[in-house]
S.K.: 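Just passing along the structure, written as structure tokens.
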Amino acid sequence: MNPVSQSCAAILPATQPPRAPAPLCAQDYADQAQARLDPAIWAWLQSGGADEITARENHRAYAALRLRSRVLRPLAGAHTRLQLLGQNLTHPILIAPMAWHGLVHAEAEQATALAAAATGTPLVVSTQSGTPIETLATLPGPPHLWFQLYAQQRRADTLALAQRALQAGARALVLTVDAPVNGVRNAQQRAGFALPAGIRSVHLDGLPPPTMRPVPPGGSPLFDSGLLDAAPTWEDVTWLKAQLPDTPLWLKGILDAEDACIAIASGADGLIVSNHGGRCLDTLPATLEALPAIASAVKGRVPLLLDGGIRRGTDVLKALALGARGVLIGRPVLHALAVGGAPAVAHLIQLLRGELEVAMALTGCRTLADINEDGVFAACSTTQSPGNPAP
């Protein structure tokens, strides 16, 4: 121990815990969040579906791709600006919709929204937010808000939720289409997670719960209860777009190229390639693996966003190179929120943006428009990339 450390040890109370080092990357925030959170809440936050294969593959897909170093490229005037359906953004990172931020921090979604406003980051507010979108819309900044919809059993309730969000200032709607039922989350079940008192999905207050039939003896609680009778279909997408023709409508949960084309025909203005963070159907492909085929089928007709497994700026770069216009960050935001509230979330976003800028500079990309598969990936990756699996 050096003399300075000895002096500090003599002054500080013996019971004071050592201060955690300042996080330098998203994983540092995850490590510190796990140490702070109740194990059941950590299990809720981290759990994937069933054996969590898809959740793990979301991360591994990025590691499989090697980047191409480019030197002496002109980089003057470099920036990360882009436009998404008429909305000007300073960088391609958005905050994904996630329920109940109050589980990890007392200031809940308000802290997340303040960080989003401070960093120019769109925040997709969840239907299952514990804070009303009207409250978030009045925060300093103001934050750039989108609103995520879960289709309700009655179309009128879905439309009422959408109109409420738009009246509060939401600039786009994100309809989640890949979760008519929850996935099997064994890790969460084993941990005994239960929503604590005082936290609820405030946007659903006053809306009727799903109507269910009694299950006959020997029947299925899912198939025979009527729970799936009102599951949304493509006709509901067409109907919603017809009700709100001037509102950008994104569909979140697209993993199939054929579905991507149907989505465009049904009125979607943008698509989010997502497997729900690996939390629904296990053994689905990683989102990065699914992206190239979807981009090929869409052919630029609508913009694509991607979520799932992004932890580094190089991950963002790889997603953009394979056809995404931007990415959404989920769990890392709640990790940072748990560690340090709004300042930590803002720091996380700045870390990821800074890593993306470094990756752009070292691959010779001056702007986002310069990022493409041929220019970014090394030759050893092109034959075994997520879009071109090896035989």
S.K.: Check step by step if side-chain contact (heavy atoms from CB on, under 4.5 Å) holds for Leu84 and Leu305.
M.R.: CA-CA 10 Å; Leu84 282 178; Leu305 300 176; 3.9 Å; yes
S.K.: Would you say Lys252 and Leu175 make side-chain contact, with heavy atoms under 4.5 Å?
M.R.: no
S.K.: Does one side chain, of Ser129 or Thr131, offer a donor that lies under 3.5 Å from an acceptor on the other?
M.R.: no
S.K.: Check the pair Lys318, Asp315 against salt bridge (charged side-chain N to carboxylate O under 4.0 Å, His left out), reporting the backbone distance first and the verdict last.
M.R.: CA-CA 5 Å; Lys318 292 172 183 180; Asp315 299 342; 5.0 Å; no
S.K.: Rounded to the nearest 0.5 Å, what separates atom CZ in Phe147 from atom CG in Leu173?
M.R.: 8.0 Å
S.K.: Hydrogens and angles aside, do Ser47 and Glu52 bring a side-chain donor and acceptor to less than 3.5 Å of each other?
M.R.: no
S.K.: Please tell me whether Gln46 and His335 have a donor and an acceptor in their side chains that are separated by less than 3.5 angstrom.
M.R.: yes
S.K.: Is any side-chain heavy atom of Thr90 closer than 4.5 Å to one of Arg353?
M.R.: yes
S.K.: Hey, can you tell me if Tyr150 and His276 have their rings parallel, tilted or perpendicular (30° and 60° cut-offs)?
M.R.: tilted
S.K.: Less than 3.5 Å apart, any donor N or O on the side chain of Gln27 or Asp31 sitting next to an acceptor on the other?
M.R.: yes
S.K.: Looking at side-chain heavy atoms only, is the closest gap between Phe223 and Leu228 below 4.5 Å?
M.R.: yes
S.K.: Once rounded to the nearest 0.5 Å, what's the spacing between atom CG of Asp259 and atom CD1 of Ile264?
M.R.: 11.5 Å
S.K.: Of Arg325, His79, Met360, which meets side-chain contact (heavy atoms from CB on, under 4.5 Å) against Leu368?
M.R.: Met360
S.K.: If the plane angle is over 60° it's perpendicular, under 30° parallel, otherwise tilted; pick one for Tyr29 and His347.
M.R.: perpendicular
S.K.: Do Asn275 and Asn58 pair up side chain to side chain, a donor and an acceptor below 3.5 Å, judged on atom types alone?
M.R.: yes
S.K.: Between Gln188 and Trp42, is there a side-chain donor-acceptor contact under 3.5 Å, judged purely by atom types and distance?
M.R.: no
S.K.: Would Trp100 and Ser201 count as having a side-chain donor-acceptor pair, cut-off 3.5 Å?
M.R.: yes
S.K.: Find out whether Val302 and Asp269 are in side-chain contact, i.e. whether some heavy atom of one side chain is under 4.5 Å from a heavy atom of the other.
M.R.: no
S.K.: Return yes when atom CD of Gln83 has more than 12 non-hydrogen atoms of other residues, nucleotides or ligands closer than 6.0 Å, and no otherwise.
M.R.: yes
S.K.: Hey, does Arg366 have a side-chain heavy atom less than 4.5 Å from the side chain of Arg73?
M.R.: no
S.K.: If we only count heavy atoms from C-beta on, is the Val104 to Ile41 side-chain gap below 4.5 Å?
M.R.: yes
S.K.: Residues in ring-ring contact (aromatic ring centres under 6.0 Å, His included) with His91, at least two apart?
M.R.: none
S.K.: Should we say atom CZ of Arg81 is surrounded by more than 12 heavy atoms from elsewhere, each under 6.0 Å from it?
M.R.: no
S.K.: What distance do Leu291 atom CG and Ser274 atom OG have between them, rounded to the nearest 0.5 Å?
M.R.: 12.0 Å
S.K.: Find out whether Arg213 and Asp224 are in side-chain contact, i.e. whether some heavy atom of one side chain is under 4.5 Å from a heavy atom of the other.
M.R.: no
S.K.: Run the side-chain hydrogen bond (donor to acceptor under 3.5 Å, both in side chains) test on Thr135 and Gln110 for me, step by step, so that the C-alpha distance in whole Å, both residues' side-chain angles and the decisive distance to 0.1 Å come before the verdict.
M.R.: CA-CA 8 Å; Thr135 299; Gln110 293 192 59; 5.9 Å; no
S.K.: Assess the side chains of Gln148 and Thr176: does a donor N or O sit below 3.5 Å from an acceptor N or O?
M.R.: yes
S.K.: To the nearest 0.5 Å, tell me how far Leu281 CG sits from Thr54 OG1.
M.R.: 7.0 Å
S.K.: For Val215 and Ser225, work out which heavy atoms get closest and say how close.
M.R.: CG2-CB, 3.9 Å
S.K.: When you compare the side chains of Gln128 and Ser126, does any donor N or O come within less than 3.5 Å of an acceptor on the partner?
M.R.: no
S.K.: Any chance the side chains of Thr112 and His101 put a donor and an acceptor closer than 3.5 Å?
M.R.: yes
